[in-house]
Every structure is written in structure tokens, then in C-alpha cells.
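Structure first, commentary second.
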Amino acid sequence: MLADDMFRLAHRDSTGTPLLDPHVAGLGLAAALLGELLLTGHVSVRSGLVVVSDRAAPSDVLAHTVLDQLLSEREQHPVRTWLAYLGRSAVEEVAARIERAGHLRAEVSRRIFARTVRYVPTDMNTAAWPWARLARLLRRGGPLDDFDTLLGGLVVAADLHRVVLIGEADAFFTAMRPLLTAAADPIRELITHTRAAAGDAVITKT
């Protein structure tokens, strides 16, 4: 699933340590959840709005929940509105889905005034696979399918490549740029709005 891979990219494959600011991570995972519905034809992105194009229930429980939330609104809302709304719980919801699949274990730390949860991968190879796959595909220089184009675009939108690929971030962006330019309009729009929302989140925090 797209959001599962985005979650893995946004956490260290050995320890589960987050690599992004929590707000940015939430926005990136919210975009990935919308992206899952986009890739299955349930939604599209047009002129900055999320538009439901297929009301049939997805087979995945979390995707079904997200679609139900979209359908509960009488009016279409901007991508940025949905990113902000879904982003509030996206990290926990995606982590729970991966944990149910047996690929994570939640480690809870309790202090006097705080409770933190770290999601530790149960298998480093599975956790590292999205980065390995993207890197291999980009080195080959061939076209990416819509799934990996959107995944790579969300990595760029969250500036995740600059956190992880020290010394190779520019090469990653250079390889992704023509692929994003050639991507279908809804994919490009979703990535563009995610990048803007993540940028605003960083500016607001600073």
C-alpha cells in the first residue's frame, strides 16, 4: 500500500525513529492515503479539489474509512483541507494497519506528563525495501509506474530525500523531476499541494 511505503520511508528501518517533523509526516501520510484512492480510481484531484469518482467500497479497511469520510461531506473540499484533516491521525492509522500485518510493533514509553509511541519494524529488509526499490528504478533511468511516481513525488514534497539521502538528495530530485512533469494531472496536483502544505507547516513552526 502506498501509505505503508511512505510510512516506512519516513522512519528508520532499524529503530523506527521518525525522520520527519510530526506535522509534515502527517501531511505526507494523508496525501498517501488520498493517493491510494486515486490509484484505485476512487477519487481524482481536479483544480485543487478532491473529487470522488467511484463510491464502491475499497477492499482495504483504512481506505474504506477514508472514502467514507470523503463521502460524508456534501461539498467537495480542497486538497489542502483534506490533508490537514486526515493528517491529524494518519501516522497512527497507517502504523496500526502495518502493525496488524505483522510488520511493526509498538513500543510505548510513559513519563509523568507524556506518553510516546515508537513503531519498530519487525523486519529491516521489509522496512528498507521502498528506498531500495526507488533507488534501483531511478538508477536504471526507466519510467516509473504511477505508484512509484507518486511515492517518489511525496518523498520530494516532504523533503524526505534531503533528510535521508545525504549527499545524494540533488541526484534523487533530478531523477524524479522529469517523471513528475510527465505524470498524470491528478498525481501532479496531489504532489504539488502536499509540497505546499509541508512547506507552510515548516514555515509556521519556525
Side-chain angles (χ1 to χ4, degrees), residues 1-11 13 19-20 25 27-46 48-54 56-64 66-67 70 79 82-83 86 90 93-94 97-98 101 103 121 123-165 168-198:
M1 303 294 281
L2 182 70
D4 295 8
D5 276 5
M6 185 65 182
F7 184 97
R8 293 181 176 107
L9 293 172
H11 294 78
D13 54 31
L19 299 173
L20 291 174
L27 293 169
L29 285 169
L33 288 171
L34 291 175
E36 290 180 3
L37 294 174
L38 192 159
L39 292 173
T40 57
H42 285 86
V43 306
S44 186
V45 179
R46 303 173 194 156
L49 300 174
V50 177
V51 180
V52 175
S53 47
D54 183 355
S59 57
D60 177 73
V61 174
L62 180 53
H64 190 175
V66 174
L67 181 61
L70 298 178
V79 177
W82 283 115
L83 292 178
L86 297 172
E93 290 174 344
V94 175
R97 181 170 69 182
I98 303 174
H103 297 153
D123 182 79
M124 282 183 56
N125 290 329
T126 300
W129 173 240
W131 273 123
R133 186 182 71 249
L134 274 179
R136 184 190 63 189
L137 291 171
L138 290 172
R139 280 197 301 269
R140 281 171 29 190
L144 302 184
D145 60 17
D146 287 345
F147 182 102
D148 282 322
T149 297
L150 184 47
L151 183 62
L154 293 178
V155 166
V156 170
D159 258 355
L160 185 54
H161 59 306
R162 300 198 181 280
V163 178
V164 178
L165 302 177
E168 299 180 21
D170 289 340
F172 183 91
F173 179 76
T174 299
M176 282 300 308
R177 183 165 50 188
L179 302 174
L180 297 178
T181 300
D185 289 344
I187 290 177
R188 278 207 321 274
E189 274 206 57
L190 179 57
I191 292 168
T192 297
H193 288 293
T194 304
R195 191 172 191 181

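The side-chain heavy atoms of R46 and P186, taken from C-beta on, include no pair separated by under 4.5 Å. Inter-residue side-chain proximity for I191 and V156 is flagged as unmet; no heavy-atom pair is nearer than 4.5 Å. With a 4.5 Å cut-off on side-chain heavy atoms, L160 and L9 count as touching. Proximity of H103 to R8: side-chain heavy atoms (C-beta onward) are separated by under 4.5 Å at one or more points.
Rounding to the nearest 0.5 Å gives a distance of 11.0 Å between CG of L154 and CG of L27. How far CG of L151 is from CG of D146: 12.5 Å, rounded to the nearest 0.5 Å. Taking NE2 of H193 as the reference point, atom CG of L49 lies at 8.0 Å (rounded to 0.5 Å). In this structure, the separation between CG on L180 and OG1 on T192 is 8.5 Å, given to the nearest 0.5 Å. The distance from atom CG of L190 to atom CG of L38, rounded to the nearest 0.5 Å, is 6.5 Å. Taking OG1 of T149 as the start and CG of L144 as the end, the distance is 4.5 Å to the nearest 0.5 Å.
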Would you sort out whether E36 and R97 count as a salt bridge (charged side-chain N to carboxylate O under 4.0 Å, His left out), showing the intermediate values? CA-CA 14 Å; E36 290 180 3; R97 181 170 69 182; 2.6 Å; yes

Do V51 and V45 pass the side-chain contact (heavy atoms from CB on, under 4.5 Å) test, and can you show the C-alpha distance, the side-chain angles, and the key distance before you say yes or no? CA-CA 6 Å; V51 180; V45 179; over 6 Å; no

Go through it in stages, so that I can follow the logic: the residues are H64 and V61, the test is side-chain contact (heavy atoms from CB on, under 4.5 Å), and I'd like the CA-CA distance, side-chain angles, deciding distance and then a yes or no. CA-CA 5 Å; H64 190 175; V61 174; 5.5 Å; no

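Closest heavy-atom contact between F7 and L29: N-CD2, 3.6 Å. Annotation for A56 and L67: closest pair O-CD2, 3.5 Å, computed over non-hydrogen atoms. The two atoms that bring G28 and M6 nearest to each other are O-CG, 4.2 Å, heavy atoms only. Across L86 and A30, no two heavy atoms sit closer than the pair CB-CB, 3.7 Å. Between L37 and A63, the shortest heavy-atom contact is CD2-O, 3.8 Å. Residues A128 and D13 share a closest heavy-atom pair of CB-OD2, 3.3 Å.
Side-chain atoms of S53 come within 3.5 Å of backbone N or O of G41 as a donor-acceptor pair. Looking at D159, its side chain never comes within 3.5 Å of a backbone N or O of R162 through a donor-acceptor pair.
Note: W131 and F172 have perpendicular aromatic rings, judged against thresholds of 30 and 60 degrees for the angle between ring planes.
Sorted by first and then second residue, the salt bridge (Lys or Arg N to Asp or Glu O under 4.0 Å) pairs involving residues 125-138 (not counting sequence neighbours) are D5-R133, R133-D148.
Among the candidates V155, L39, D145, T194, the single residue satisfying the side chain to side chain contact (heavy atoms under 4.5 Å, CB included) test with L150 is L39.
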